[in-house]
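Read the structure below first, then the notes.
So that the names make sense, note that chain A is the first sequence line, chain B the second, and so on, each numbered from 1. This one's a predicted model, so the numbers in the text were calculated from it and none came from an experiment. When reading the values below, keep in mind they use all heavy atoms of this one structure, side chains included, and skip hydrogens, waters and symmetry mates.
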Amino acid sequence: MPAATATLPLDIDRVREDFPILATVLHGDQPLVYLDNAATSQHPRQVIQSLVDTYERHYANVHRGIHWLSDHSTDLYEDAREKVRRFINAPHREEVIFTTGTTASINLVARSWGDSRVRAGDEIILSVMEHHSNLVPWQQLAERTGCVLRHIPITDDGLLVVDELDRLLTDRTRLVAVTAVSNVLGTINPVAEMVRRAHQAGALVLVDAAQSVPHEPTDVQALDADFLAFSGHKMIGPSGVGVLYGRAALLEALPPFLGGGSMIRRVHLDRFEAADLPARFEAGTPPIAPAIGMGAAVDYLQRIGLAKIQAHEQLLVRQAHARLEEIGGVRILGPAPSQKAGIVSFTVDGIHPHDVAQLLDRHGVAVRAGHHCTMPLHKRLGIVASTRASFYLYNTPHEVDRLAEALVEAKRVFRR
Amino acid sequence: MASDEEEIYQEHVLDHYEGPYHRGRCAGATHEHEDDNPLCGDVVRVQLRIDPAGKVEEAWFDGEGCCISQASASMLMQRVEGATVDDVKRFSADEMLRLFGARLTPNRQKCCLLSWRVLQSAIFSPIDGSGAESAGPARRNPHAGEAT
(Lines give C-alpha, C1' and ligand atoms only; values in the text may rest on other atoms or scores of the structure.)
Protein backbone atom coordinates (compact mmCIF):
# COMPACT_ATOMS: atom_id res chain seq x y z
CA MET A 1 0.00 0.00 0.00
CA PRO A 2 2.62 2.69 0.82
CA ALA A 3 4.17 2.23 -2.61
CA ALA A 4 0.82 2.76 -4.28
CA THR A 5 -0.20 5.76 -2.21
CA ALA A 6 3.18 7.49 -2.69
CA THR A 7 2.37 8.11 -6.35
CA LEU A 8 -1.06 9.62 -5.71
CA PRO A 9 -1.64 13.30 -6.45
CA LEU A 10 -2.64 14.00 -2.85
CA ASP A 11 -1.52 12.95 0.63
CA ILE A 12 -4.21 10.35 1.09
CA ASP A 13 -3.23 9.23 4.59
CA ARG A 14 -3.43 12.78 5.88
CA VAL A 15 -6.74 13.36 4.14
CA ARG A 16 -8.23 10.19 5.64
CA GLU A 17 -7.22 11.22 9.14
CA ASP A 18 -9.49 14.24 8.74
CA PHE A 19 -12.59 12.08 8.17
CA PRO A 20 -13.50 10.36 11.45
CA ILE A 21 -16.19 8.14 9.93
CA LEU A 22 -13.65 6.40 7.69
CA ALA A 23 -12.30 4.63 10.78
CA THR A 24 -15.59 2.73 11.10
CA VAL A 25 -15.32 -1.05 11.30
CA LEU A 26 -18.40 -3.05 10.28
CA HIS A 27 -19.63 -6.55 11.00
CA GLY A 28 -16.91 -7.12 13.57
CA ASP A 29 -13.80 -6.81 11.45
CA GLN A 30 -14.53 -5.20 8.11
CA PRO A 31 -13.15 -1.65 7.67
CA LEU A 32 -15.67 0.63 6.00
CA VAL A 33 -14.98 1.17 2.30
CA TYR A 34 -17.22 4.11 1.50
CA LEU A 35 -17.94 4.18 -2.23
CA ASP A 36 -21.33 5.92 -2.19
CA ASN A 37 -20.06 9.45 -2.65
CA ALA A 38 -22.32 10.30 -5.57
CA ALA A 39 -25.23 9.86 -3.14
CA THR A 40 -23.65 11.85 -0.36
CA SER A 41 -20.12 12.46 0.86
CA GLN A 42 -18.54 12.25 4.30
CA HIS A 43 -17.33 15.15 6.44
CA PRO A 44 -13.87 16.18 7.62
CA ARG A 45 -13.35 17.33 11.22
CA GLN A 46 -13.02 20.87 9.92
CA VAL A 47 -16.62 20.85 8.68
CA ILE A 48 -17.95 19.03 11.74
CA GLN A 49 -16.12 21.51 13.96
CA SER A 50 -17.63 24.38 12.01
CA LEU A 51 -21.11 23.07 12.86
CA VAL A 52 -20.17 22.63 16.50
CA ASP A 53 -18.65 26.13 16.66
CA THR A 54 -21.72 27.67 15.04
CA TYR A 55 -24.08 26.06 17.51
CA GLU A 56 -21.83 26.60 20.53
CA ARG A 57 -20.68 30.13 19.85
CA HIS A 58 -22.14 31.85 16.80
CA TYR A 59 -25.76 30.90 16.39
CA ALA A 60 -28.68 33.31 16.02
CA ASN A 61 -31.05 34.09 13.19
CA VAL A 62 -29.47 35.96 10.30
CA HIS A 63 -30.45 39.36 8.91
CA ARG A 64 -32.88 39.82 11.79
CA GLY A 65 -31.52 40.93 15.11
CA ILE A 66 -29.96 44.15 16.20
CA HIS A 67 -28.12 42.14 18.81
CA TRP A 68 -24.49 41.18 18.62
CA LEU A 69 -25.02 37.47 18.14
CA SER A 70 -27.31 37.98 15.16
CA ASP A 71 -24.77 40.28 13.53
CA HIS A 72 -22.08 37.73 14.16
CA SER A 73 -24.15 34.88 12.72
CA THR A 74 -25.05 37.00 9.70
CA ASP A 75 -21.38 37.77 9.06
CA LEU A 76 -20.50 34.08 9.05
CA TYR A 77 -23.45 33.21 6.80
CA GLU A 78 -22.47 35.92 4.34
CA ASP A 79 -18.81 34.87 4.54
CA ALA A 80 -19.94 31.42 3.41
CA ARG A 81 -21.70 33.00 0.44
CA GLU A 82 -18.51 34.82 -0.47
CA LYS A 83 -16.51 31.57 -0.20
CA VAL A 84 -18.95 29.84 -2.53
CA ARG A 85 -18.82 32.79 -4.93
CA ARG A 86 -15.03 32.52 -5.19
CA PHE A 87 -15.27 28.73 -5.44
CA ILE A 88 -17.33 28.89 -8.64
CA ASN A 89 -15.91 32.24 -9.79
CA ALA A 90 -19.26 33.98 -9.86
CA PRO A 91 -18.89 37.71 -10.61
CA HIS A 92 -21.19 38.89 -7.80
CA ARG A 93 -22.00 37.54 -4.35
CA GLU A 94 -25.73 38.17 -4.77
CA GLU A 95 -25.73 35.66 -7.61
CA VAL A 96 -25.19 32.91 -5.04
CA ILE A 97 -28.58 31.89 -3.65
CA PHE A 98 -28.58 29.46 -0.73
CA THR A 99 -31.26 26.80 -1.12
CA THR A 100 -31.75 23.43 0.54
CA GLY A 101 -30.01 21.55 -2.27
CA THR A 102 -29.78 20.94 -6.00
CA THR A 103 -33.39 19.78 -6.19
CA ALA A 104 -34.64 22.96 -4.55
CA SER A 105 -32.39 25.06 -6.81
CA ILE A 106 -33.78 23.52 -9.99
CA ASN A 107 -37.34 23.79 -8.71
CA LEU A 108 -36.71 27.45 -7.92
CA VAL A 109 -35.80 28.09 -11.57
CA ALA A 110 -38.70 26.00 -12.87
CA ARG A 111 -41.14 27.95 -10.69
CA SER A 112 -39.76 31.45 -10.84
CA TRP A 113 -38.32 31.61 -14.34
CA GLY A 114 -40.53 28.88 -15.80
CA ASP A 115 -43.89 30.15 -14.61
CA SER A 116 -43.14 33.73 -15.58
CA ARG A 117 -41.35 33.21 -18.87
CA VAL A 118 -42.53 29.98 -20.47
CA ARG A 119 -45.66 29.77 -22.62
CA ALA A 120 -47.54 26.89 -24.22
CA GLY A 121 -45.57 25.53 -27.15
CA ASP A 122 -42.23 26.82 -25.87
CA GLU A 123 -39.57 24.14 -25.77
CA ILE A 124 -37.17 22.96 -23.09
CA ILE A 125 -34.33 20.62 -23.94
CA LEU A 126 -33.18 18.05 -21.39
CA SER A 127 -31.22 14.84 -21.83
CA VAL A 128 -31.94 11.15 -21.40
CA MET A 129 -29.27 10.88 -18.69
CA GLU A 130 -30.78 13.47 -16.33
CA HIS A 131 -31.42 12.78 -12.66
CA HIS A 132 -35.11 12.83 -11.76
CA SER A 133 -34.50 16.20 -10.10
CA ASN A 134 -33.72 17.68 -13.52
CA LEU A 135 -36.66 15.95 -15.20
CA VAL A 136 -39.65 16.13 -12.89
CA PRO A 137 -39.60 19.93 -12.23
CA TRP A 138 -39.74 20.47 -16.01
CA GLN A 139 -42.49 17.87 -16.41
CA GLN A 140 -44.43 19.77 -13.75
CA LEU A 141 -43.73 23.03 -15.61
CA ALA A 142 -45.02 21.41 -18.80
CA GLU A 143 -48.21 20.42 -16.96
CA ARG A 144 -48.67 24.01 -15.80
CA THR A 145 -47.76 25.82 -19.00
CA GLY A 146 -48.13 23.42 -21.91
CA CYS A 147 -44.49 23.74 -22.84
CA VAL A 148 -42.84 20.89 -24.72
CA LEU A 149 -39.92 18.80 -23.44
CA ARG A 150 -37.29 17.42 -25.79
CA HIS A 151 -34.44 15.11 -24.88
CA ILE A 152 -30.90 14.82 -26.18
CA PRO A 153 -30.25 11.11 -26.79
CA ILE A 154 -27.19 9.16 -25.69
CA THR A 155 -25.00 6.62 -27.41
CA ASP A 156 -24.87 3.01 -26.22
CA ASP A 157 -21.68 3.81 -24.32
CA GLY A 158 -23.33 6.67 -22.49
CA LEU A 159 -22.18 9.80 -24.32
CA LEU A 160 -24.56 12.63 -25.14
CA VAL A 161 -25.18 12.94 -28.87
CA VAL A 162 -24.29 16.63 -28.74
CA ASP A 163 -24.92 17.21 -32.43
CA GLU A 164 -28.55 16.31 -31.81
CA LEU A 165 -28.71 19.49 -29.74
CA ASP A 166 -28.41 21.54 -32.93
CA ARG A 167 -31.35 19.68 -34.39
CA LEU A 168 -33.43 20.10 -31.23
CA LEU A 169 -32.71 23.83 -30.83
CA THR A 170 -35.46 25.89 -32.47
CA ASP A 171 -36.74 29.43 -32.18
CA ARG A 172 -39.16 28.08 -29.54
CA THR A 173 -36.37 26.70 -27.32
CA ARG A 174 -36.30 28.67 -24.09
CA LEU A 175 -33.95 26.58 -21.97
CA VAL A 176 -31.44 23.75 -22.12
CA ALA A 177 -31.21 22.02 -18.73
CA VAL A 178 -28.44 19.45 -18.63
CA THR A 179 -26.21 17.70 -16.15
CA ALA A 180 -22.49 18.43 -16.18
CA VAL A 181 -21.68 14.89 -15.04
CA SER A 182 -24.03 11.90 -15.13
CA ASN A 183 -24.67 10.53 -11.65
CA VAL A 184 -24.77 6.99 -13.07
CA LEU A 185 -22.54 6.84 -16.12
CA GLY A 186 -19.98 9.31 -14.82
CA THR A 187 -19.99 10.88 -18.29
CA ILE A 188 -18.49 14.37 -18.37
CA ASN A 189 -20.65 16.37 -20.74
CA PRO A 190 -19.22 19.14 -22.95
CA VAL A 191 -21.28 21.76 -21.15
CA ALA A 192 -19.33 24.85 -22.29
CA GLU A 193 -19.80 23.83 -25.92
CA MET A 194 -23.50 23.15 -25.33
CA VAL A 195 -23.91 26.55 -23.68
CA ARG A 196 -22.31 28.19 -26.72
CA ARG A 197 -24.69 26.46 -29.10
CA ALA A 198 -27.74 27.11 -26.92
CA HIS A 199 -26.92 30.80 -26.59
CA GLN A 200 -26.49 31.08 -30.34
CA ALA A 201 -30.04 29.81 -30.63
CA GLY A 202 -31.23 32.29 -28.03
CA ALA A 203 -31.88 29.75 -25.28
CA LEU A 204 -30.79 29.91 -21.65
CA VAL A 205 -28.84 27.09 -20.00
CA LEU A 206 -29.22 25.54 -16.57
CA VAL A 207 -26.40 23.25 -15.50
CA ASP A 208 -27.09 20.52 -12.93
CA ALA A 209 -23.65 20.59 -11.35
CA ALA A 210 -24.39 18.34 -8.35
CA GLN A 211 -21.85 15.77 -9.54
CA SER A 212 -19.27 18.17 -11.01
CA VAL A 213 -18.76 21.02 -8.54
CA PRO A 214 -17.48 18.68 -5.78
CA HIS A 215 -14.98 16.98 -8.08
CA GLU A 216 -13.50 19.45 -10.56
CA PRO A 217 -12.75 23.18 -10.77
CA THR A 218 -15.87 25.17 -11.71
CA ASP A 219 -15.86 28.58 -13.33
CA VAL A 220 -19.35 29.82 -14.13
CA GLN A 221 -17.95 32.70 -16.18
CA ALA A 222 -15.83 30.45 -18.38
CA LEU A 223 -18.81 28.10 -18.66
CA ASP A 224 -21.09 31.07 -19.41
CA ALA A 225 -23.98 29.22 -17.74
CA ASP A 226 -27.14 31.16 -16.90
CA PHE A 227 -28.07 28.96 -13.94
CA LEU A 228 -25.98 26.40 -12.09
CA ALA A 229 -27.22 24.19 -9.24
CA PHE A 230 -25.37 22.09 -6.69
CA SER A 231 -25.56 20.67 -3.14
CA GLY A 232 -23.42 21.00 -0.05
CA HIS A 233 -23.76 17.39 1.04
CA LYS A 234 -22.04 15.96 -2.03
CA MET A 235 -18.96 18.15 -1.45
CA ILE A 236 -18.10 17.14 2.14
CA GLY A 237 -20.51 19.77 3.47
CA PRO A 238 -23.69 19.34 5.54
CA SER A 239 -26.97 18.20 4.05
CA GLY A 240 -29.82 20.68 3.93
CA VAL A 241 -27.94 23.37 2.03
CA GLY A 242 -27.33 23.89 -1.66
CA VAL A 243 -26.76 26.69 -4.11
CA LEU A 244 -28.40 28.20 -7.10
CA TYR A 245 -26.07 30.40 -9.09
CA GLY A 246 -27.86 32.66 -11.54
CA ARG A 247 -26.71 35.62 -13.60
CA ALA A 248 -27.69 38.76 -11.70
CA ALA A 249 -29.42 40.39 -14.66
CA LEU A 250 -31.63 37.32 -14.99
CA LEU A 251 -32.38 36.79 -11.31
CA GLU A 252 -33.17 40.47 -10.70
CA ALA A 253 -35.94 40.34 -13.28
CA LEU A 254 -37.56 37.18 -11.92
CA PRO A 255 -40.42 37.04 -9.44
CA PRO A 256 -39.75 35.38 -6.10
CA PHE A 257 -40.79 31.74 -5.75
CA LEU A 258 -41.28 31.11 -2.02
CA GLY A 259 -42.93 33.94 -0.19
CA GLY A 260 -42.38 34.77 3.46
CA GLY A 261 -39.99 36.51 5.73
CA SER A 262 -36.66 37.82 4.54
CA MET A 263 -37.59 37.91 0.85
CA ILE A 264 -39.47 41.19 1.22
CA ARG A 265 -38.61 44.84 1.34
CA ARG A 266 -42.02 45.89 2.60
CA VAL A 267 -45.30 44.11 3.28
CA HIS A 268 -48.78 45.60 3.31
CA LEU A 269 -51.95 43.74 4.13
CA ASP A 270 -52.74 43.25 0.46
CA ARG A 271 -49.36 43.25 -1.28
CA PHE A 272 -45.60 43.10 -0.87
CA GLU A 273 -42.48 44.49 -2.42
CA ALA A 274 -39.79 41.91 -3.01
CA ALA A 275 -36.31 42.31 -1.61
CA ASP A 276 -33.18 42.58 -3.71
CA LEU A 277 -30.89 39.65 -4.42
CA PRO A 278 -30.02 37.32 -2.84
CA ALA A 279 -32.68 37.70 -0.11
CA ARG A 280 -35.38 37.80 -2.80
CA PHE A 281 -34.96 34.03 -3.21
CA GLU A 282 -34.19 33.11 0.39
CA ALA A 283 -37.58 33.20 2.08
CA GLY A 284 -37.76 32.11 5.70
CA THR A 285 -34.91 31.26 8.01
CA PRO A 286 -32.19 29.79 5.80
CA PRO A 287 -30.07 26.74 6.66
CA ILE A 288 -27.71 28.87 8.73
CA ALA A 289 -25.29 26.36 10.21
CA PRO A 290 -25.27 24.12 7.09
CA ALA A 291 -24.40 27.13 4.91
CA ILE A 292 -21.55 28.10 7.23
CA GLY A 293 -20.46 24.44 7.18
CA MET A 294 -20.57 24.49 3.40
CA GLY A 295 -18.16 27.41 3.53
CA ALA A 296 -15.84 25.28 5.66
CA ALA A 297 -16.14 22.49 3.08
CA VAL A 298 -15.15 24.93 0.35
CA ASP A 299 -12.11 25.95 2.41
CA TYR A 300 -11.10 22.31 2.80
CA LEU A 301 -11.54 21.40 -0.87
CA GLN A 302 -9.63 24.49 -1.99
CA ARG A 303 -6.78 23.77 0.38
CA ILE A 304 -6.44 20.29 -1.18
CA GLY A 305 -7.10 21.58 -4.70
CA LEU A 306 -9.90 20.52 -7.03
CA ALA A 307 -7.50 19.69 -9.85
CA LYS A 308 -5.66 17.26 -7.55
CA ILE A 309 -8.92 15.70 -6.41
CA GLN A 310 -9.97 15.26 -10.01
CA ALA A 311 -6.64 13.64 -10.92
CA HIS A 312 -6.90 11.35 -7.90
CA GLU A 313 -10.40 10.19 -8.83
CA GLN A 314 -9.30 9.62 -12.41
CA LEU A 315 -6.63 7.19 -11.16
CA LEU A 316 -9.21 5.33 -9.09
CA VAL A 317 -11.64 5.09 -11.99
CA ARG A 318 -8.97 3.72 -14.30
CA GLN A 319 -8.03 1.15 -11.69
CA ALA A 320 -11.68 0.22 -11.08
CA HIS A 321 -12.29 -0.28 -14.79
CA ALA A 322 -9.21 -2.47 -15.06
CA ARG A 323 -10.07 -4.56 -12.00
CA LEU A 324 -13.77 -5.02 -12.79
CA GLU A 325 -13.10 -5.87 -16.41
CA GLU A 326 -11.01 -8.82 -15.19
CA ILE A 327 -14.09 -10.27 -13.52
CA GLY A 328 -16.30 -12.26 -15.85
CA GLY A 329 -19.93 -11.23 -16.25
CA VAL A 330 -19.41 -7.64 -15.12
CA ARG A 331 -20.70 -4.99 -17.52
CA ILE A 332 -19.52 -1.44 -16.85
CA LEU A 333 -21.94 1.29 -17.89
CA GLY A 334 -20.86 4.50 -19.56
CA PRO A 335 -17.82 5.59 -21.50
CA ALA A 336 -14.10 4.89 -21.09
CA PRO A 337 -12.39 6.29 -17.96
CA SER A 338 -10.91 9.23 -19.88
CA GLN A 339 -14.43 10.55 -20.48
CA LYS A 340 -15.85 10.05 -17.02
CA ALA A 341 -15.72 11.43 -13.51
CA GLY A 342 -15.24 9.26 -10.40
CA ILE A 343 -18.31 7.09 -10.93
CA VAL A 344 -18.30 3.44 -12.02
CA SER A 345 -21.71 1.79 -12.40
CA PHE A 346 -22.06 -1.80 -13.47
CA THR A 347 -24.26 -4.86 -13.69
CA VAL A 348 -23.29 -8.43 -12.89
CA ASP A 349 -24.77 -11.24 -14.97
CA GLY A 350 -27.32 -13.21 -13.01
CA ILE A 351 -27.08 -11.20 -9.80
CA HIS A 352 -29.52 -8.41 -9.05
CA PRO A 353 -27.87 -5.10 -8.03
CA HIS A 354 -29.52 -5.24 -4.59
CA ASP A 355 -27.96 -8.63 -3.97
CA VAL A 356 -24.61 -7.33 -5.23
CA ALA A 357 -24.81 -4.37 -2.84
CA GLN A 358 -25.86 -6.59 0.06
CA LEU A 359 -22.98 -8.98 -0.54
CA LEU A 360 -20.46 -6.15 -0.94
CA ASP A 361 -21.71 -4.75 2.37
CA ARG A 362 -20.61 -7.95 4.07
CA HIS A 363 -17.08 -6.87 3.19
CA GLY A 364 -17.70 -3.34 4.45
CA VAL A 365 -18.00 -1.99 0.92
CA ALA A 366 -20.78 0.62 0.70
CA VAL A 367 -22.17 1.10 -2.81
CA ARG A 368 -25.49 2.21 -4.21
CA ALA A 369 -27.87 -0.18 -5.92
CA GLY A 370 -31.03 0.68 -7.81
CA HIS A 371 -31.88 3.14 -10.51
CA HIS A 372 -30.10 6.06 -8.82
CA CYS A 373 -33.01 8.40 -9.58
CA THR A 374 -32.55 7.88 -13.30
CA MET A 375 -35.35 5.56 -14.39
CA PRO A 376 -35.43 6.85 -18.00
CA LEU A 377 -31.67 6.36 -18.34
CA HIS A 378 -31.89 2.79 -17.07
CA LYS A 379 -34.74 2.11 -19.48
CA ARG A 380 -32.59 3.48 -22.32
CA LEU A 381 -29.79 1.15 -21.25
CA GLY A 382 -32.22 -1.77 -21.17
CA ILE A 383 -31.75 -2.53 -17.47
CA VAL A 384 -33.93 -2.00 -14.40
CA ALA A 385 -31.15 -1.28 -11.97
CA SER A 386 -27.40 -1.11 -11.54
CA THR A 387 -24.74 -1.06 -8.86
CA ARG A 388 -22.72 2.12 -8.50
CA ALA A 389 -19.32 2.72 -6.93
CA SER A 390 -18.46 6.40 -6.68
CA PHE A 391 -15.17 7.82 -5.46
CA TYR A 392 -13.93 10.90 -3.67
CA LEU A 393 -10.73 12.42 -2.41
CA TYR A 394 -10.41 10.03 0.55
CA ASN A 395 -10.73 6.76 -1.37
CA THR A 396 -7.64 4.67 -1.97
CA PRO A 397 -6.40 2.20 -4.58
CA HIS A 398 -6.54 -0.41 -1.82
CA GLU A 399 -10.28 0.24 -1.50
CA VAL A 400 -10.75 -0.29 -5.22
CA ASP A 401 -9.06 -3.66 -4.76
CA ARG A 402 -11.42 -4.40 -1.87
CA LEU A 403 -14.37 -3.64 -4.16
CA ALA A 404 -13.08 -6.03 -6.82
CA GLU A 405 -12.34 -8.77 -4.30
CA ALA A 406 -15.74 -8.43 -2.68
CA LEU A 407 -17.35 -8.70 -6.09
CA VAL A 408 -15.56 -11.96 -6.78
CA GLU A 409 -16.83 -13.22 -3.41
CA ALA A 410 -20.38 -12.14 -4.27
CA LYS A 411 -20.26 -14.15 -7.46
CA ARG A 412 -19.07 -17.15 -5.46
CA VAL A 413 -22.13 -16.96 -3.17
CA PHE A 414 -24.36 -17.11 -6.23
CA ARG A 415 -22.31 -20.03 -7.57
CA ARG A 416 -21.50 -18.01 -10.71
CA MET B 1 -18.70 -11.00 9.31
CA ALA B 2 -22.11 -11.09 10.93
CA SER B 3 -23.80 -14.45 10.80
CA ASP B 4 -27.24 -12.87 10.41
CA GLU B 5 -26.17 -11.36 7.12
CA GLU B 6 -24.76 -14.61 5.87
CA GLU B 7 -28.03 -16.37 6.47
CA ILE B 8 -29.76 -14.32 3.77
CA TYR B 9 -28.03 -16.24 1.04
CA GLN B 10 -28.27 -19.65 2.72
CA GLU B 11 -28.74 -22.74 0.57
CA HIS B 12 -32.47 -22.86 1.21
CA VAL B 13 -32.90 -19.35 -0.21
CA LEU B 14 -30.58 -19.88 -3.17
CA ASP B 15 -32.35 -23.13 -3.98
CA HIS B 16 -35.68 -21.31 -4.26
CA TYR B 17 -34.02 -18.54 -6.30
CA GLU B 18 -32.35 -20.85 -8.77
CA GLY B 19 -34.97 -23.60 -8.85
CA PRO B 20 -38.21 -21.76 -8.05
CA TYR B 21 -41.47 -23.47 -7.25
CA HIS B 22 -44.23 -22.77 -9.79
CA ARG B 23 -42.56 -20.00 -11.74
CA GLY B 24 -44.56 -19.40 -14.88
CA ARG B 25 -48.18 -19.21 -15.94
CA CYS B 26 -51.04 -20.90 -14.10
CA ALA B 27 -53.31 -22.88 -16.41
CA GLY B 28 -56.94 -21.98 -15.81
CA ALA B 29 -56.07 -19.13 -13.44
CA THR B 30 -59.07 -17.42 -11.84
CA HIS B 31 -57.25 -14.59 -10.07
CA GLU B 32 -54.13 -12.59 -10.78
CA HIS B 33 -52.29 -9.43 -9.75
CA GLU B 34 -48.96 -7.81 -10.57
CA ASP B 35 -47.02 -5.07 -8.85
CA ASP B 36 -43.51 -3.74 -8.60
CA ASN B 37 -41.16 -2.22 -6.10
CA PRO B 38 -40.22 1.07 -7.77
CA LEU B 39 -37.16 1.38 -5.56
CA CYS B 40 -35.40 -1.46 -7.34
CA GLY B 41 -37.66 -2.29 -10.27
CA ASP B 42 -38.52 -5.73 -8.94
CA VAL B 43 -41.74 -7.09 -10.42
CA VAL B 44 -43.88 -9.99 -9.24
CA ARG B 45 -47.06 -11.35 -10.81
CA VAL B 46 -49.14 -13.91 -8.97
CA GLN B 47 -51.72 -16.13 -10.65
CA LEU B 48 -54.09 -18.32 -8.66
CA ARG B 49 -56.64 -20.96 -9.45
CA ILE B 50 -59.23 -20.76 -6.70
CA ASP B 51 -62.02 -23.33 -6.64
CA PRO B 52 -65.66 -22.38 -5.95
CA ALA B 53 -65.26 -23.47 -2.32
CA GLY B 54 -62.54 -20.85 -1.87
CA LYS B 55 -59.53 -23.15 -1.86
CA VAL B 56 -56.30 -22.18 -3.63
CA GLU B 57 -55.77 -25.14 -5.92
CA GLU B 58 -52.66 -23.75 -7.59
CA ALA B 59 -50.45 -20.72 -7.06
CA TRP B 60 -47.91 -19.51 -9.61
CA PHE B 61 -45.66 -16.48 -9.80
CA ASP B 62 -43.52 -14.83 -12.38
CA GLY B 63 -41.31 -11.79 -12.23
CA GLU B 64 -37.92 -10.28 -12.19
CA GLY B 65 -35.86 -9.10 -9.33
CA CYS B 66 -33.43 -9.74 -6.56
CA CYS B 67 -32.80 -13.02 -4.86
CA ILE B 68 -34.95 -12.07 -1.86
CA SER B 69 -38.02 -11.03 -3.86
CA GLN B 70 -37.94 -14.05 -6.16
CA ALA B 71 -37.03 -16.69 -3.59
CA SER B 72 -39.68 -15.41 -1.19
CA ALA B 73 -42.28 -15.57 -3.97
CA SER B 74 -41.36 -19.19 -4.59
CA MET B 75 -41.65 -20.03 -0.89
CA LEU B 76 -45.00 -18.26 -0.68
CA MET B 77 -46.50 -20.12 -3.65
CA GLN B 78 -45.55 -23.41 -2.05
CA ARG B 79 -46.98 -22.28 1.27
CA VAL B 80 -50.42 -21.13 0.09
CA GLU B 81 -51.29 -23.97 -2.24
CA GLY B 82 -54.11 -25.91 -0.67
CA ALA B 83 -54.94 -23.10 1.73
CA THR B 84 -58.30 -21.34 1.73
CA VAL B 85 -58.73 -17.72 0.74
CA ASP B 86 -59.46 -16.97 4.40
CA ASP B 87 -56.16 -18.58 5.36
CA VAL B 88 -54.39 -16.37 2.83
CA LYS B 89 -56.09 -13.24 4.19
CA ARG B 90 -54.99 -14.17 7.70
CA PHE B 91 -51.41 -14.88 6.58
CA SER B 92 -49.67 -11.81 7.99
CA ALA B 93 -46.57 -9.93 6.90
CA ASP B 94 -44.79 -11.18 10.01
CA GLU B 95 -45.61 -14.75 9.06
CA MET B 96 -44.18 -14.09 5.60
CA LEU B 97 -40.94 -12.84 7.12
CA ARG B 98 -40.81 -15.91 9.35
CA LEU B 99 -41.47 -18.16 6.36
CA PHE B 100 -38.49 -16.61 4.59
CA GLY B 101 -36.41 -17.42 7.63
CA ALA B 102 -33.32 -15.26 7.32
CA ARG B 103 -33.36 -11.98 9.22
CA LEU B 104 -33.76 -9.01 6.89
CA THR B 105 -33.05 -5.32 7.30
CA PRO B 106 -36.10 -3.03 6.81
CA ASN B 107 -35.10 -2.25 3.23
CA ARG B 108 -34.79 -5.90 2.26
CA GLN B 109 -38.06 -6.71 4.06
CA LYS B 110 -39.74 -4.73 1.29
CA CYS B 111 -38.23 -7.19 -1.21
CA CYS B 112 -39.47 -10.14 0.80
CA LEU B 113 -42.97 -8.70 1.20
CA LEU B 114 -43.45 -7.83 -2.47
CA SER B 115 -44.93 -11.20 -3.43
CA TRP B 116 -46.95 -11.29 -0.20
CA ARG B 117 -48.43 -7.88 -1.06
CA VAL B 118 -49.19 -9.02 -4.61
CA LEU B 119 -50.83 -12.21 -3.31
CA GLN B 120 -53.02 -10.26 -0.90
CA SER B 121 -54.30 -8.22 -3.85
CA ALA B 122 -54.55 -11.22 -6.18
CA ILE B 123 -57.18 -12.94 -4.05
CA PHE B 124 -59.39 -9.89 -4.60
CA SER B 125 -58.63 -9.67 -8.33
CA PRO B 126 -60.69 -12.16 -10.31
CA ILE B 127 -59.58 -12.42 -13.91
CA ASP B 128 -63.15 -12.46 -15.27
CA GLY B 129 -64.15 -9.53 -13.14
CA SER B 130 -67.01 -11.57 -11.71
CA GLY B 131 -67.73 -12.71 -8.22
CA ALA B 132 -65.20 -11.46 -5.75
CA GLU B 133 -64.98 -7.94 -4.38
CA SER B 134 -62.30 -5.63 -5.73
CA ALA B 135 -58.88 -5.25 -4.18
CA GLY B 136 -58.47 -2.86 -1.29
CA PRO B 137 -55.95 -0.06 -1.36
CA ALA B 138 -52.38 -1.28 -1.72
CA ARG B 139 -50.29 -1.29 1.42
CA ARG B 140 -47.83 1.55 1.23
CA ASN B 141 -44.70 2.32 3.09
CA PRO B 142 -44.60 6.02 4.03
CA HIS B 143 -41.35 6.38 2.14
CA ALA B 144 -41.45 3.55 -0.34
CA GLY B 145 -40.06 5.81 -3.06
CA GLU B 146 -36.50 6.42 -3.97
CA ALA B 147 -33.58 8.05 -2.28
CA THR B 148 -31.26 10.20 -4.30
Quiz prompt | Nearest-0.5 Å distance, OH of residue B/Tyr17 to CD1 of residue A/Ile351 | solution =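 Between B/Tyr17 OH and A/Ile351 CD1, I get 8.0 Å after rounding to 0.5 Å.
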Quiz item: Roughly how far, to the nearest 0.5 Å, is CD1 of B/Ile8 from CZ of A/Arg362?
Solution: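 Rounded to the nearest 0.5 Å, the CZ-CD1 separation comes to 7.5 Å.
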Exercise. Could you tell me whether B/Glu57 atom CD has more than 12 heavy atoms of other residues or ligands within 6.0 Å of it?
Key: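 Yes - once you tally the heavy atoms of other residues, nucleotides and ligands closer than 6.0 Å, there are more than 12.
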Quiz item: If you draw a 6.0 Å radius around CG in A/Leu149, do more than 12 non-hydrogen atoms from other residues or ligands fall strictly inside?
Solution: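 Yes.
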Quiz prompt | Step-by-step side chain to side chain donor-acceptor pair (under 3.5 Å) determination, B/Asp42 to A/His352 | solution = CA-CA 9 Å; B/Asp42 287 5; A/His352 189 279; 2.8 Å; yes
Self-check item: Donor-acceptor pair, side chain of B/Arg108 and main chain of A/His354, under 3.5 angstrom
Solution: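 Yes; judged by distance alone, with no hydrogens or angles, the pair exists.
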Quiz item: Do any N or O atoms from the side chain of A/Asp355 and from the backbone of B/Cys67 form a donor-acceptor pair under 3.5 angstrom?
Solution: yes
